[in-house]
Student: 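So that we are looking at the same thing, I have put the structure below in C-alpha cells.
Both backbone and side-chain heavy atoms feed into the values below; hydrogens, waters and symmetry mates do not. Residue numbers start from 1 in every chain, and the chains themselves are labelled A, B, ... in the order their sequence lines are given, proteins ahead of strands.
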2 protein chains.
Amino acid sequence: MRYSHKLSDAVHILAYIEIYHDDDLSSTAIARSVESNPGLVRRLMAALRTAGLLATQRGTATPEVTRDPTDISLLDIYRAVETDDNLLHVDDKTNPQCIVGGNIQETLREAYATVQAAAEAQMASITLASLIADIWQREQQKTQA
Amino acid sequence: MRYSHKLSDAVHILAYIEIYHDDDLSSTAIARSVESNPGLVRRLMAALRTAGLLATQRGTATPEVTRDPTDISLLDIYRAVETDDNLLHVDDKTNPQCIVGGNIQETLREAYATVQAAAEAQMASITLASLIADIWQREQQKTQA
DNA sequence: ATTGGTTGTTACTTTAAAGGTAACATCTAA
DNA sequence: TTAGATGTTACCTTTAAAGTAACAACCAAT
C-alpha cells in the first residue's frame, strides 16, 4: 500500500488549530495547509474526537483541542488515527507442520511487541506542545534570516 | 498497501536454513514452510545475500548463513529486506506558505527519527540465535504435552 | 555431453490499505 | 430562509507488497 501519513496529518491539524486559534478553522482552511481535501481533514478530526483529543461542533468551524498540549503525546495521536497500531507485521500464514512455520508466529509476535513497546515509549515522551514549540522555533529562525 | 511481512519471512528463511541444515534447502522446500512461492523466497534470499547475511550458490540448493546467528540482529535482517526502513512517514506535501505546513515536515522528521532510533535499538538487541532458540523451545513444549 | 533440477532475475498480475473525491443529510448562525 | 459548516458514507484512484510465471544460467549425476 501507500505509506500512511495519517499521524503526520493529525499532528498537523492539531498544531494548526492551536497556532491559528483566532483564524478560520474550517476543514477547508485546514485542508489548504495540509494540501489535502476537507473530507480527509474531517475524517481525521472525527478520529481525534473519538479519542477525546478534540472537541468539535457541527455547523460551526470551532474545533478545540480538549487537553493541554503538554498532556497530549504523539502516542495518543498515533493511537487515535492509525487503524492498525502495529509497526511490524507477522506473516500469519505459515505451515504449522514445520518446526519453523509452526512456532515462528508466536516467537515473532513476542519480539515485535518489545520493539513496539520501545517505539511507543519514545512516542509517549513527545508532546504536542513540544512539537508546536519546535514549529514556532523554526518559523522564527526563518524570519530572523 | 498491504502490510509488509518481508521481515517475518526473511527471519523464517534464515531460521529454516539453520534448523533444517541437513535437509532439503531448495527455495521450493522453504516456500512450503513459509506457505508462499519459490520466487518470493529467492527474492528475499537475494536481499539477504546482498546484505552479506547469506551465501548461496547458483544451481545447488545449499544456502548458508554467513555469520554466527548470535551475531545477526533483527535490525540487520530488517535493513536487508525492507526497501523503506522508516516506520513512520512524514507527509511531504504541505503548504509552505503556512507556519504549520512550512515547518512541520522538519519537526516531524526529527521526532520520528528518535522513535526510529528507539525501535532500532530494540531490534539490534534481538539476535537470530535467540529467535531460533525461542522456536525450539516452543516446539519442545508442544511435544512434552 | 545430456538431462533434470536449481538459482537468479525480471515482468506482469492481483491484492489491500491509503488517500482523493464527491455527495448529502444535518446543524448553526445571521 | 439561507449560506455555509460539519459528519458520514460511498466510490474511485494510487501504490507498495505479494503472487505468479517464465527463462537464462548454472550444477551435478549419469
Side-chain angles (χ1 to χ4, degrees), chain A residues 1-10 12-13 16-17 23-32 34-51 54-64 78 80-95, chain B residues 1-10 12-13 16-17 23-51 54-64 78 80-94:
Chain A
M1 62 187 158
R2 298 183 182 180
Y3 295 116
S4 169
H5 46 256
K6 283 196 270 190
L7 174 60
S8 299
D9 289 347
H12 191 140
I13 291 168
Y16 190 96
I17 291 170
D23 292 292
D24 182 4
L25 296 182
S26 67
S27 59
T28 305
I30 298 174
R32 262 195 294 272
V34 180
E35 285 194 358
S36 177
N37 57 79
L40 176 62
V41 171
R42 292 204 289 272
R43 263 183 298 191
L44 286 172
M45 287 174 76
L48 293 170
R49 178 162 34 76
T50 300
L54 195 67
T56 60
Q57 199 183 4
R58 172 174 285 211
T60 74
T62 58
E64 279 182 56
Y78 178 72
V81 297
E82 289 297 339
T83 44
D84 181 351
D85 289 1
N86 297 319
L87 293 165
L88 300 174
H89 296 86
V90 171
D91 184 348
D92 55 0
K93 183 172 141 288
T94 60
N95 190 343
Chain B
M1 62 185 160
R2 296 185 181 182
Y3 295 118
S4 168
H5 44 256
K6 282 194 272 188
L7 174 59
S8 299
D9 289 348
H12 191 140
I13 290 167
Y16 191 96
I17 291 169
D23 292 292
D24 182 4
L25 296 182
S26 66
S27 58
T28 305
I30 298 175
R32 262 194 295 272
S33 174
V34 180
E35 286 195 357
S36 179
N37 58 78
L40 176 62
V41 171
R42 291 204 289 272
R43 264 182 297 188
L44 285 172
M45 287 174 77
L48 293 169
R49 179 164 31 79
T50 300
L54 195 68
T56 60
Q57 199 182 5
R58 170 174 287 211
T60 74
T62 58
E64 279 183 55
Y78 178 73
V81 296
E82 290 295 341
T83 43
D84 181 352
D85 289 1
N86 297 319
L87 294 166
L88 300 173
H89 296 86
V90 171
D91 184 349
D92 56 359
K93 181 172 141 289
T94 60

Student: Could you state the atom-to-atom distance from NE2 of A:His5 to P of C:dA17 in whole Å?
Tutor: 17 Å
Student: Please give, in whole Å, the distance from D:dA17 P to A:Asp92 CG?
Tutor: 18 Å
Student: Does a distance-only test, which skips hydrogens and angles, find a donor-acceptor pair under 3.5 Å between the side chain of B:Arg2 and the base of C:dT15?
Tutor: yes
Student: Using atom NE2 of A:His89 as one end and atom P of D:dA16 as the other, report the distance to the nearest whole Å.
Tutor: 17 Å
Student: Donor-acceptor pair under 3.5 Å: do we get one between A:Arg58's side chain and the base of D:dG7?
Tutor: no
Student: Would you indicate which nucleotide in D:dG7, C:dA18, D:dT6 comes nearest to any side-chain atom of A:Ser26?
Tutor: D:dT6
Student: What integer distance in Å separates A:Asp24:CG from D:dG4:P?
Tutor: 12 Å
Student: Specify the residue among A:Leu40 and B:Arg42 whose closest nucleotide of DNA chain C lies further upstream toward the 5′ end.
Tutor: B:Arg42
Student: OP1, OP2 of D:dG19 versus side-chain N and O of B:Ser36: anything below 4.0 Å?
Tutor: yes
Student: Whether the side chain of A:Tyr78 engages the backbone of A:Asp85 through a donor-acceptor N/O pair (distance < 3.5 Å, no angle test) should be reported.
Tutor: yes
Student: With respect to the side chain of A:Thr60, which nucleotide from C:dC24, C:dA29, C:dG19 is positioned closest?
Tutor: C:dA29
Student: Using side-chain contact (heavy atoms from CB on, under 4.5 Å) as the criterion, point out the one residue from B:Ile13, B:Ile17, B:Leu48 that pairs with B:Pro63.
Tutor: B:Ile17
Student: Can you find a heavy atom in the side chain of B:His5 that is under 4.5 Å from one in the side chain of A:Asp92?
Tutor: no
Student: When you measure from the side chain of A:Tyr3, which nucleotide among C:dT28, C:dG8, D:dA17 comes out closest?
Tutor: D:dA17
Student: Please report the distance, rounded to the nearest Å, between NZ in A:Lys93 and C1' in D:dA17.
Tutor: 13 Å
Student: By the 4.0 Å heavy-atom rule, please label B:Thr28 as base, sugar-phosphate, or nothing.
Tutor: nothing
Student: In whole Å, what is the span from the CG atom of B:Leu25 to the C1' atom of C:dT7?
Tutor: 13 Å
Student: Measure CG/A:Asn37 against C1'/D:dA5 and give the value in whole Å, please.
Tutor: 16 Å
Student: Taking only the side-chain heavy atoms of B:Lys6 (C-beta and beyond), determine which of D:dT6, D:dA17, D:dA10 contains the nearest atom.
Tutor: D:dA17
Student: Atom CG of A:Leu7 and atom C1' of C:dG19: how far apart are they, to the nearest Å?
Tutor: 16 Å
Student: Could you give me the CA-CA distance, side-chain angles and deciding distance for A:Asp91 and B:Glu35, then say whether side chain to side chain contact (heavy atoms under 4.5 Å, CB included) is met?
Tutor: CA-CA 10 Å; A:Asp91 184 348; B:Glu35 286 195 357; over 6 Å; no
Student: So for A:Arg43 and C:dG20, does any side-chain atom that can act as donor or acceptor lie under 3.5 Å from a complementary atom in the base?
Tutor: yes
Student: Between C:dT9, D:dT8, C:dT7, spot the one nearest the side chain of B:Thr56, thanks.
Tutor: C:dT7
Student: Taking 4.0 Å as the cut-off, does a side-chain nitrogen or oxygen of A:Ser27 come that near to OP1 or OP2 on D:dA5?
Tutor: no
Student: Out of C:dT7, D:dA17, D:dC27, which has the shortest distance to the side chain of B:Ala61?
Tutor: C:dT7
Student: Is there a donor-acceptor contact under 3.5 Å from the side chain of B:Ser8 to the main chain of A:His89?
Tutor: yes
Student: Has A:Asn37 got a side-chain atom pairing as donor or acceptor with A:Leu40's backbone, closer than 3.5 angstrom?
Tutor: yes
